[in-house]
Peer 1: 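This is the structure, below, for whatever I ask next.
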There are 2 protein chains.
Amino acid sequence: MPNKIEFKDLFTYSFSLDCIVFGYRDGQIQVLLIKRAMEPFLGEWAIPGDLVYPNEDLPEAAQRILFELTNIRGVEMHQGSTFGNPKRHPQGRVITNVFFALVRIDDVDAEAHSWAEELKWTPIHEVPKMAFDHNEILETTYEQLVQKLRHQPICFDLLPEKFTLNEFQQLYEYAFEKELDKANFRKKIKPLPIQRLSEKQKNVKHRPAALYSFNQLTYKELEKEDLITFRM
Amino acid sequence: MPNKIEFKDLFTYSFSLDCIVFGYRDGQIQVLLIKRAMEPFLGEWAIPGDLVYPNEDLPEAAQRILFELTNIRGVEMHQGSTFGNPKRHPQGRVITNVFFALVRIDDVDAEAHSWAEELKWTPIHEVPKMAFDHNEILETTYEQLVQKLRHQPICFDLLPEKFTLNEFQQLYEYAFEKELDKANFRKKIKPLPIQRLSEKQKNVKHRPAALYSFNQLTYKELEKEDLITFRM
DNA sequence: GCAAAAGTGTTTGGATTACACCCATGC
DNA sequence: GCATGGGTGTAATCCAAACACTTTTGC
């Protein structure tokens, strides 16, 4: 590579964020995709993403972009990897950084806005061929999510506010692709601040399970004092 | 933020990589810094880094940049976080991505090249005020390094080829800021593929310790078969 | 009563901890 | 011999896996 490239000629790149939203429904981890109403890759499925504005920092740009395309706002976003293959975007040098969020699918009202023509939740193992290098990006990020689930109890962002211990266990079984023993699972999660509610499951044709909820505040405090070393 | 920004006007950014090299010497984790012989921040200490060329992918740019500035080549680099505060670079919008490496300080011959006027290894806890947002960048990346040490046996990239079990233990004690029991530490590392050599420590005024080396190949195979669940 | 899933207790073996003790070398 | 770390063994404890068993509901 030549030394001849002038400093100013290196200011010809663009930078985008791809916002991957993970949810959990029907026993599967799902991801929110948009159908592009814009060239390039018009009509194809893609991860919601867009260019960062000149005076935006990355976390705020992630919030804006996600909101503009999907109407989702105010969810915590985690930074993921950065992808910069020079051929990844047909219209120029666009480097992209992933931000991903975990949401309760039933609690967010996702709607296609801006140049997103359509939205759909897709099980992570049934994702179609997507625009750009979005399949690779999603794969890498899903692996990061699974690793994060192993060490931080962020699974509660995916579960409904009130959940049964079985739903909880099934989420882990799905993410780690491994069956777990019911009794042992319950012993393992003992240190987590989840509270049993008086409410019970309804409309099931067997003994209804107790509902539980997660106490985020208590968790943050226990975490501060290093009382939790959670590992699934 | 207005919708008026034209697509082409968003191609005015630049993109750099910062290459953080960690080493281990004198019982401390150290980091390689350069003194800048170039504006901005002329004469100040910084993490080695530079702009990515138009048709370079990120991993190859990381190798080039590290080599150009420090003469270090061919070391494995791990991707870190991306920093994009719009005010982080005084000369324009430069977004930067970290790549970090773990090396054996005594095995690499680091030399200041290009616009690096001087190099120095600095203990991670004695890093001076640096150019740009490099202090923040380093801090974030060091935390990532420590996390990685906890789950992957990459500590062997830091240790000399032949090491004593005590050196090994001290590296962990330093990284996790926690004293460990000698006997228990040795039981814990049993599953790792390290081999005792016939050679012994020299020039010590006590009983010389046996030297060990790490077998990377065996490790990769054990890892493939999921036989290692290493956690310090 | 039966099916189906909720929910709990027990046993066992392996890991983790704390701690004590012996060993090899230089001086 | 003694100071200095190297190196190992043991008992108590905790934890995880495997598995069996009881409970509660709908039908």
Peer 1: For residues 159-168 of chain B, tabulate all N or O donor-acceptor pairs below 3.5 Å that involve a side-chain atom, not counting sequence neighbours.
Peer 2:
residue: B:Glu161; atom: OE1; partner: B:Arg104; partner atom: NH1; Å: 3.4
residue: B:Lys162; atom: NZ; partner: B:Glu199; partner atom: OE1; Å: 2.7
residue: B:Thr164; atom: OG1; partner: B:Asn166; partner atom: N; Å: 3.4
residue: B:Thr164; atom: OG1; partner: B:Glu167; partner atom: N; Å: 3.1
residue: B:Glu167; atom: OE1; partner: B:Thr164; partner atom: N; Å: 3.0

Peer 1: Decide yes or no for A:Thr96 and A:Thr82: does some side-chain heavy atom of the first lie under 4.5 Å from some side-chain heavy atom of the second?
Peer 2: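 Result no, sub-4.5 Å side-chain heavy-atom pair not found.
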Peer 1: List for me each residue that meets side chain to side chain contact (heavy atoms under 4.5 Å, CB included) alongside A:Ala210, sequence neighbours excluded, and say none if there are none.
Peer 2: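 Here the qualifying residues are A:Arg196, A:Tyr212.
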Peer 1: Let me see the working for B:Arg25 and B:Asp106 under salt bridge (charged side-chain N to carboxylate O under 4.0 Å, His left out), right down to the final yes or no.
Peer 2: CA-CA 9 Å; B:Arg25 192 163 56 188; B:Asp106 297 322; 3.6 Å; yes
Peer 1: Are B:Tyr24 and B:Gln30 packed together at the side-chain level, in the sense that at least one heavy-atom pair is separated by less than 4.5 angstrom?
Peer 2: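 Side-chain contact under 4.5 Å: no.
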Peer 1: For nucleotides 9-18 of chain C, give me one character per nucleotide, 5' to 3': B if any protein heavy atom sits under 4.0 Å from the base, S if the only such contacts are to the sugar-phosphate, - if neither.
Peer 2: BB------BB
Peer 1: Please list, for nucleotides 2-6 of chain C, all pairs of protein and nucleotide N/O atoms separated by less than 3.5 Å.
Peer 2:
residue: C:dA6; atom: OP1; partner: A:Asn166; partner atom: ND2; Å: 3.3
residue: C:dA6; atom: OP2; partner: A:Asn166; partner atom: ND2; Å: 3.1
residue: C:dA6; atom: N7; partner: A:Lys182; partner atom: NZ; Å: 3.2
residue: C:dA6; atom: N3; partner: A:Arg207; partner atom: NH1; Å: 3.2

Peer 1: Would the number of heavy atoms belonging to other residues, nucleotides or ligands and lying under 6.0 Å from NZ of A:Lys205 be above 12?
Peer 2: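 No, the 6.0 Å shell around NZ holds no more than 12 heavy atoms from other groups.
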Peer 1: In a table with atom names and distances, give each donor-acceptor pair under 3.5 Å that connects a side chain of residues 182-193 of chain B to protein atoms at least two apart or in another chain.
Peer 2:
residue: B:Asn184; atom: OD1; partner: B:Lys187; partner atom: NZ; Å: 3.4
residue: B:Asn184; atom: ND2; partner: B:Asp181; partner atom: OD1; Å: 3.4

Peer 1: Chain A on DNA chain D: first and last contacting nucleotide, 5' to 3', under 4.0 Å to a heavy atom?
Peer 2: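 Contact boundaries, 5' end first: D:dA17 to D:dG26.
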Peer 1: Step through the shown structure and confirm whether more than 12 heavy atoms of other residues, nucleotides or ligands are within 6.0 Å of NZ on B:Lys202.
Peer 2: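 No, because the 6.0 Å sphere around NZ of B:Lys202 holds 12 heavy atoms or fewer from other groups.
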Peer 1: Do other residues, nucleotides or ligands put more than 12 heavy atoms under 6.0 Å from the NZ atom of A:Lys178?
Peer 2: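 No.
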Peer 1: Within the supplied structure, the quantity of interest is the number of heavy atoms (other residues, nucleotides, ligands) at a distance under 6.0 Å from B:Glu179 CD; does it exceed 12?
Peer 2: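 No, CD of B:Glu179 has 12 or fewer neighbouring heavy atoms, counting only those of other groups under 6.0 Å.
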